[in-house]
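Heads up: the structure comes next, in structure tokens.
What you see is a predicted model; the values in this text were computed from it and never measured. We number each residue from 1, following the sequence as shown.
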Amino acid sequence: MRRMSAIVTGIMLASGTTMAQEPPIWSSERIASFAIPEANQGVGVDAEHFYAIDNHTIAKYAKTGGERVGLWEGGEDGPVLHLDSAVLVEGRLYAAHSNYPDWPMTSSIEVFEAGTMEHVDTHSFGIDRGSLTWLDFYDGTWWAGFANYNRVFDRSPLAYGNKYTTQVVRLDDAWRVAEAWVLPDPVLEKFEDMSNSGGSWGPDGKLYLTGHDPAEAYVMELPEAGSVLRWVATVPLDNTGQGIAWDRSTPDVLYAMVRGESDDQNRITANRVLFPAR
């Protein structure tokens with residue numbers, strides 16, 4: 001097992017100034033940062049551990065001290081191609097998976113026992129709504145994000161799905177889509193030619209979404225009517241987009257990741273969100 005150094009800090013992230021017609025900017029403070037080479041795509045978290053996710057690798061780390069205590073590796077030639085965000089539910093890790101950037105886009109949910117890191121189940125969406133980038137369980141139901149992109153990749157002469165068709169969905173117990181919403185254009189513009197990479201429901205009953213690169217999360221609410229999510233605030237984070245996960249054992253702490261120029265510069269961060277007074 002390897003021990004990774006934890007850099008604990010109390011740096012306040014600047015709240016900045018709101019732009020015209022944009023919602024307010026809340027504040028956060030980074031409370032911990034861990035050097036984690038596998039932090040390339042997403043993160044999951046439970047009471048005692050966090051899980052760094054790479055394309056076909058999941059590494060389990062102790063929150064205290066940052067020691068790696070478990071590992072799952074699918075191999076470059078295996079069926080798991082591009083893991084993304086994950087959520088821990090009743091001792092199992094549920095990871096979003098896609099064939100990004102291959103075409104046509106396919107997606108699945110891959111399930112692991114958190115204790116042993118054994119792969120135990122899978123559910124395939126096949127060719128569906130885009131690339132599954134995040135999954136969460138909140139208020140007794142499953143939620144997920146299907147990303148589409150304006151970037152053009154080698155196997156298709158067209159945009160990789162068109163980012164304006166990115167969707168947030170609510171799933172039933174059989175993983176069928178029960179409801180779906182799109183993102184408001186101003187949030188989509190933050191993604192440039194990429195898309196929604198992470199999503200996690202916060203303790204305030206709001207959905208926090210991240211893009212591929214910006215160092216912030218977008219606070220969203222379900223609309224009173226229609227199909228477009230409401231953008232109500234932005235939270236600067238110590239991250240570089242990608243996956244996020246609320247620590248439901250410490251409700252005001254949001255885990256995120258910073259992808260460096262090399263694996264030895266990758267980090268997992270813990271950020272305390274300073275909710276505005278009600």
Open item on the list: Does this structure show an ion pair linking K190 with E22, if we count only N-O contacts that are shorter than 4.0 Å?
Closed with: yes

Open item on the list: Are V80 and H97 packed together at the side-chain level, in the sense that at least one heavy-atom pair is separated by less than 4.5 angstrom?
Closed with: yes

TODO: Please check if any side-chain donor atom of N148 sits under 3.5 Å from a side-chain acceptor atom of T166, or the reverse.
DONE: no

- [ ] Find the distance between CZ (R267) and CG (N239) and round it off to the nearest 0.5 Å.
- [x] 9.5 Å

TODO: Only counting residues at least two apart or in another chain, list the ones meeting salt bridge (Lys or Arg N to Asp or Glu O under 4.0 Å) with D247.
DONE: K63

- [ ] Mind checking salt bridge (Lys or Arg N to Asp or Glu O under 4.0 Å) for D136 and listing every partner two or more places apart, or none if nothing turns up?
- [x] R248

Task: W181 side chain near L222 side chain, heavy-atom distance below 4.5 Å - done: yes

TODO: Group every Ile, Leu, Val, Met, Phe, Trp and Tyr by side-chain heavy-atom contacts under 4.5 Å, then state whether F137 and L135 land in the same group.
DONE: yes

Side chains of residues 44-52: which donor-acceptor pairs under 3.5 Å do they make with residues two or more places apart or in other chains?
residue, atom, partner, partner atom, Å
D46, OD1, E48, N, 3.2
D46, OD1, H49, N, 2.7
D46, OD2, Y51, OH, 2.7

- [ ] Kindly write out the residues that satisfy salt bridge (Lys or Arg N to Asp or Glu O under 4.0 Å) with D252, not counting sequence neighbours, or none if the list is empty.
- [x] R272

Task: Worked check of side-chain hydrogen bond (donor to acceptor under 3.5 Å, both in side chains) between D139 and T141 - done: CA-CA 6 Å; D139 197 25; T141 193; over 6 Å; no

Open item on the list: H56: which residues meet the side chain to side chain donor-acceptor pair (under 3.5 Å) condition with it, sequence neighbours left out?
Closed with: none

- [ ] Kindly state whether the ring of Y208 and the ring of W201 have centres lying under 6.0 angstrom apart.
- [x] no

Open item on the list: Hydrogens and angles aside, do T122 and E110 bring a side-chain donor and acceptor to less than 3.5 Å of each other?
Closed with: yes

Task: Short side-chain donor-acceptor distance under 3.5 Å, S98 and S107 - done: no

Task: Inter- and intrachain pairs under salt bridge (charged side-chain N to carboxylate O under 4.0 Å, His left out), touching residues 69-96, at least two apart - done: R92-E113

Open item on the list: With a 6.0 Å cut-off on the ring centroids, do W142 and Y94 count as close?
Closed with: yes

Task: For L209, side-chain contact (heavy atoms from CB on, under 4.5 Å) partners two or more places apart - done: W134, V168, L183, N196, L207, M220, L229

Open item on the list: I'd like to check the side-chain contact (heavy atoms from CB on, under 4.5 Å) partners of D128; sequence neighbours left out, ordered by chain and number.
Closed with: F125, F146

TODO: Could you tell me the separation between the CG atom of D54 and the CG atom of L83, rounded to the nearest 0.5 Å?
DONE: 8.5 Å

Task: Donor on one side chain, acceptor on other, D264 and S262, under 3.5 Å - done: yes

Open item on the list: Quick test of your reading of the model: are E192 and R151 salt-bridged, counting only N-O distances below 4.0 Å?
Closed with: no

Open item on the list: List the residues meeting side chain to side chain donor-acceptor pair (under 3.5 Å) with W72, not counting sequence neighbours, and say none if there are none.
Closed with: none

- [ ] Measure the shortest side-chain to side-chain distance between K163 and Y149 over non-hydrogen atoms and say whether it is less than 4.5 angstrom.
- [x] no

- [ ] Could you label the plane-to-plane angle of the H119 and F112 rings as parallel, tilted or perpendicular, counting under 30° as parallel and over 60° as perpendicular?
- [x] perpendicular

Open item on the list: Within the 3.5 Å criterion, strictly below it, is a donor on D193 or N150 matched to an acceptor on the partner's side chain?
Closed with: no

- [ ] Would you please name every residue forming a salt bridge (Lys or Arg N to Asp or Glu O under 4.0 Å) with D185, sequence neighbours left out?
- [x] none

- [ ] Each residue besides V182 in its hydrophobic cluster should be listed here, by chain and number; the cluster joins Ile, Leu, Val, Met, Phe, Trp and Tyr at side-chain heavy-atom distances under 4.5 Å.
- [x] V228

TODO: Please examine the side chains of V273 and W246, heavy atoms only from C-beta on, and report whether any two atoms are closer than 4.5 Å.
DONE: yes

Open item on the list: Does either side chain, that of Q41 or that of N55, offer a donor lying less than 3.5 Å from an acceptor on the other one?
Closed with: yes

TODO: Identify, with sequence neighbours excluded, every residue that meets side chain to side chain donor-acceptor pair (under 3.5 Å) alongside S227.
DONE: none

